[in-house]
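Everything on this sheet refers to the single structure shown next.
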Amino acid sequence: MSINKVVASADEAIKDIPDGATIMFGGFGLCGLPENCIAALVKKGTTNLTCISNNAGVDDFGIGLMLHKKQVKKMIASYVGENAEFERQLLSGELEVELIPQGTLATRCLIAGYGIPFVPVLAGVGTEVAIGKETLSRNGKEYLIEEAFDASFAIVKAWKGDTMGNLIFKDTARNFNPLMAMAGKITIAEVEELVQPGELDPNMIHTPGIYVHRIFQGSHYEKRIEQRTVRKAN
Amino acid sequence: MSINKVVASADEAIKDIPDGATIMFGGFGLCGLPENCIAALVKKGTTNLTCISNNAGVDDFGIGLMLHKKQVKKMIASYVGENAEFERQLLSGELEVELIPQGTLATRCLIAGYGIPFVPVLAGVGTEVAIGKETLSRNGKEYLIEEAFDASFAIVKAWKGDTMGNLIFKDTARNFNPLMAMAGKITIAEVEELVQPGELDPNMIHTPGIYVHRIFQGSHYEKRIEQRTVRKAN
Amino acid sequence: MGLTKEQIAQRISKELKDGYYVNLGIGIPTLVANYIPEGINVVLQSENGLLGMGPFPEEGKEDADLINAGKQTITTLPGSAIFDSAMSFGMIRAGKVHLTVLGAMEVADNGDIANWKIPNKMVKGMGGAMDLVAAAKNIIVAMQHTNPKGESKLLAQCSLPLTGIKCVTKVVTDLGVFEITPEGFKCVEHAPDVSIEEIKAKTAGRLVIAQDLKPVAI
Amino acid sequence: MGLTKEQIAQRISKELKDGYYVNLGIGIPTLVANYIPEGINVVLQSENGLLGMGPFPEEGKEDADLINAGKQTITTLPGSAIFDSAMSFGMIRAGKVHLTVLGAMEVADNGDIANWKIPNKMVKGMGGAMDLVAAAKNIIVAMQHTNPKGESKLLAQCSLPLTGIKCVTKVVTDLGVFEITPEGFKCVEHAPDVSIEEIKAKTAGRLVIAQDLKPVAI
């Protein structure tokens with residue numbers, strides 16, 4: 001039953017992503033980013049992309065690298081601070097941005113992975129997020145109707161994965177990764193450690209391989225820290 | 001930060017469940033059943049219950065034990081075969097039954113745990129399950145609108161749990177347990193092994209303790225097998 | 001002499017493609033697992049929360065915590081994954097399962113299926129059947145062509161309460177292989193010893209015979 | 001001389017009850033973690049997917065894979081649990097988090113809050129703020145009573161784009177503690193050195209003074 005999802009490299013994994021594609025990127029801030037695939041996309045120069053990701057990276061890391069090369073047409077995110085080039089492109093009209101509440105962003109991934117077309121949420125009711133959105137009343141409350149995402153590709157980063165695509169994430173590098181893995185029509189996973197089927201405990205899989213189409217072991221992870229905060233050692 | 005959810009026993013855990021309560025029970029068939037709490041409910045004789053569970057046990061095990069003592073007023077389930085006393089009570093009109101597609105049952109638990117009031121599903125469209133239900137059209141398809149469950153109590157069985165209520169399930173004894181744990185207003189977890197905070201890997205928690213209100217280490221698990229199927233040893 | 005249950009399962013196994021995730025229902029569908037063709041890797045999904053269902057355990061190695069949707073003791077395989085019932089039906093609903101094989105009491109020539117309830121008999125419930133037929137992209141029904149009374153189970157309209165509407169893509173019976181088409185059941189293969197006349201006589205729904213009709217190759 | 005940021009955090013810490021799950025926003029709210037009263041056990045939730053947020057790591061022990069919602073390196077504690085962002089906001093939406101402490105740019109006397117956007121300035125996004133204010137049962141705002149220009153941030157109506165409507169339960173500022181009531185801001189405690197007159201002068205929204213007004217006990 002060993003369905004093999006392994007591809008040779010990041011270049012191989014992303015080679016059929018066309019200009020104009022919609023891509024989801026796992027990660028929160030700079031934590032849990034698919035660094036190898038982002039580098040491969042920058043190298044290949046795929047352009048006119050719609051990127052769905054909680055954040056837009058910083059100037060010289062994460063999706064910021066693609067922004068710098070003007071590969072991104074539209075950014076769908078919940079928070080896009082800490083990024084001067086992003087700000088420049090946005091203010092100059094080169095870049096479209098759609099801001100979505102973080103929980104709504106996460107839930108729109110979840111329902112895509114669960115085959116649910118839309119979900120009612122309270123987040124944003126009474127705010128400008130609600131403008132133009134369908135609403136439904138229930139139990140005396142008004143809910144916004146939010147749609148499942150429809151993305152051709154999802155690119156995620158896991159800690160460990162096996163050749164069948166089963167994934168395990170580490171600590172808060174989990175964040176949006178398993179959700180986007182479920183939501184992509186084609187899901188690409190890069191992992192720090194690629195193992196054989198049977199090496200991962202079936203009870204401890206975060207993303208079952210059925211949701212993953214391509215997997216490879218990444219390399220040279222920089223894992224940059226955005227806010228290094230420490231305390232004095234005792 | 002060590003919030004202690006430990007209660008002394010199954011008797012203690014279920015003592016405030018009143019007659020007429022709605023209770024969710026984890027488990028699939030006889031797999032992953034909260035045996036200790038069911039025994040305690042039978043002993044206490046709590047009655048007039050509405051039980052939400054994928055199945056209704058067999059004649060002498062699981063929820064069947066409560067049926068035998070006529071403690072159940074209404075059963076909400078997806079499959080209720082293999083149970084002669086159940087059949088007798090149903091045909092005699094002593095027992096109400098509401099049958100729900102299994103995926104809808106699971107999803108109505110999930111959305112209760114995620115604070116989502118309703119969910120659109122295709123399961124049951126065009127069948128008698130759809131009768132009287134609100135529908136919504138989307139992308140040319142008609143969906144049934146299914147409500148989040150609203151249960152006062154959920155009783156689940158986990159493999160391991162810590163005193164803060166974090167739970168881990170084993171193999172297919174997971175099934176509805178983590179979903180119902182999230183859905184109950186008060187969630188009671190019985191575990192095969194109760195451990196101290198720090199003994200479970202934070203990355204491998206299936207149900208975070210925030211969803212669990214009472215926990216205790218069960219005993220004398222019978223873990224009955226419904227269909228014992230084997231092959232010849234090689 | 002139509003196909004045996006094993007032969008029906010064997011014929012359905014030819015629908016498997018390498019890389020498929022497959023959900024097999026109880027009864028004849030379960031037998032399909034015994035005929036997975038050489039070189040074809042598939043993963044079996046059990047809707048109670050398992051991908052990578054393995055064979056029954058060796059005697060003495062049964063584990064009450066590890067069962068399939070038919071409540072039978074089973075095993076995992078290298079690469080298996082366990083999850084809860086919401087994710088299980090989530091992946092079904094999202095179309096990640098490529099093929100679902102189910103038994104049925106009746107199938108209509110528009111793809112409607114009835115397999116969960118006989119009025120005035122004890123109702124056991126639909127389990128996961130309604131979810132599966134509402135969601136799966138490719139649903140093959142494995143069943144006998146007629147019921148024990150000799151009446152056709154391939155109908156113009158189901159007489160029993162429906163499980164799902166317009167969802168079946170193909171029916172494999174002891175008499176042959178039938179695709180659901182706008183023209184009704186299209187017989188594309190017949191059991192070697194079964195005549196077109198017998199198939200016509202035993203099919204109550206609209207029936208067309210494929211131009212390139214051929215015998216079922218077992 | 002009103003309360004310092006630390007004193008605002010210390011005052012809010014008195015709202016903590018044993019067994020609470022708490023979400024603390026960025027800024028003054030974060031400081032609340034330093035004043036958890038003796039004998040009170042609380043679990044801090046970080047909406048990027050962690051229950052049981054511990055202190056910053058010791059120098060040299062920072063882990064890029066372990067951060068809080070402010071992207072700061074943090075630690076776990078015994079009993080911590082990690083989960084994805086959907087479950088994280090799921091538990092918030094389901095009301096499992098007992099208390100949320102947030103900063104704000106403006107609060108209206110009906111409980112509306114604005115804290116995510118200043119028109120004509122660079123918009124960074126709402127992050128999880130809209131989800132939190134829409135879902136949490138008990139939302140306390142920690143902020144300065146006036147903006148750098150000296151204008152009141154406690155208003156009859158927010159002038160900035162809203163984050164959520166009618167959701168704030170209490171506001172703690174450098175000047176005192178204000179409950180949101182049908183009559184508007186109800187001043188229930190004042191900073192020791194601050195007069196009622198100063199509070200009245202600096203509060204633009206409807207204000208009522210509690211009968212049993214008392215000084216903030218630090």
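Within every chain, numbering begins at 1; the chains are lettered A, B, ... in the order of the sequence lines, protein sequences first and strands thereafter.
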Return the option, out of D:Gln72, D:Lys61, D:Glu47, with the maximum number of heavy-atom pairs under 4.5 Å with chain A.
-> D:Gln72

Partner chain A: residue of D:Pro57, D:Gly49, D:Ala134 with the largest heavy-atom pair count (under 4.5 Å) | D:Pro57

Between [X] and chain D, which part of the residue has a heavy atom less than 4.5 Å away: side chain, backbone, both or neither?
| X | result |
| --- | --- |
| A:Arg228 | both |
| A:Asn83 | neither |
| A:Phe169 | neither |
| A:Ile100 | backbone |

How close do [X] and [Y] get, counting heavy atoms only, and between which atoms?
| X | Y | answer |
| --- | --- | --- |
| A:Cys31 | D:Ala64 | SG-O, 3.3 Å |
| A:Ile225 | D:Thr73 | CG2-CG2, 3.6 Å |
| A:Val80 | D:Val123 | CG2-O, 3.7 Å |
| A:Arg174 | D:Phe83 | NH1-CA, 3.7 Å |

Examine whether an atom of [X] lies under 4.5 Å from a heavy atom of chain A, and if so say whether it belongs to the side chain, the backbone or both; otherwise answer neither.
| X | result |
| --- | --- |
| D:Thr163 | backbone |
| D:Asn68 | backbone |
| D:Phe89 | side chain |

If you tally heavy-atom pairs under 4.5 Å against chain D, which of [options] wins?
| options | value |
| --- | --- |
| A:Ala106, A:Pro178, A:Gly126, A:Pro101 | A:Pro101 |
| A:Ala123, A:Ala173, A:Gly103, A:Ala56 | A:Gly103 |
| A:His206, A:Arg224, A:Lys170 | A:Lys170 |

Any donor and acceptor pair, going by atom type alone, linking the side chain of A:Thr127 with main-chain N or O of D:Gly164 inside 3.5 Å?
-> no

Is the side chain of A:Thr172 donor-acceptor paired with the backbone N or O of D:Ile67 at a distance under 3.5 Å, no angle test?
-> yes

When rounded to the nearest 0.5 angstrom, what is the spacing between [atom1] in [X] and [atom2] in [Y]?
| X | Y | atom1 | atom2 | value |
| --- | --- | --- | --- | --- |
| A:Asn175 | D:Asp65 | CG | CG | 9.5 Å |
| A:Thr107 | D:Met87 | OG1 | CE | 12.0 Å |
| D:Ser46 | A:Phe28 | OG | CZ | 7.0 Å |

Hey, is [atom1] on [X] packed in by over 12 heavy atoms from elsewhere, all under 6.0 Å?
| X | atom1 | value |
| --- | --- | --- |
| D:Glu59 | CD | no |
| D:Gln157 | CD | no |
| D:Lys186 | NZ | no |

Tell me, do [X] and [Y] make a side-chain contact under 4.5 Å, heavy atoms counted?
| X | Y | value |
| --- | --- | --- |
| D:Lys117 | A:Leu99 | no |
| A:Lys232 | D:Glu58 | no |
| D:Phe56 | A:Gln227 | no |

Contact list (residues 13-26 of chain D to chain A, heavy-atom gap under 4.5 Å, by number) returns none

Residues 125-132 of chain D vs chain A, non-hydrogen distance cutoff under 4.5 Å, contacting residues -> D:Gly125, D:Met126, D:Gly127, D:Gly128, D:Met130, D:Asp131

Dump the intermediate steps for side-chain contact (heavy atoms from CB on, under 4.5 Å) on A:Leu122 and D:Arg93, then the final yes or no.
-> CA-CA 9 Å; A:Leu122 290 173; D:Arg93 242 189 257 115; over 6 Å; no

Any residues in residues 182-194 of chain A near chain D, with a heavy-atom distance under 4.5 Å, and which are they?
-> A:Glu192

Looking at residues at least two apart in the chain, or sitting in another chain, which of them share a side-chain hydrogen bond (donor to acceptor under 3.5 Å, both in side chains) with D:His145?
-> D:Thr173, D:Thr203

Check the pair A:Asn54, D:Ser85 against side-chain contact (heavy atoms from CB on, under 4.5 Å), reporting the backbone distance first and the verdict last.
-> CA-CA 10 Å; A:Asn54 189 58; D:Ser85 300; over 6 Å; no

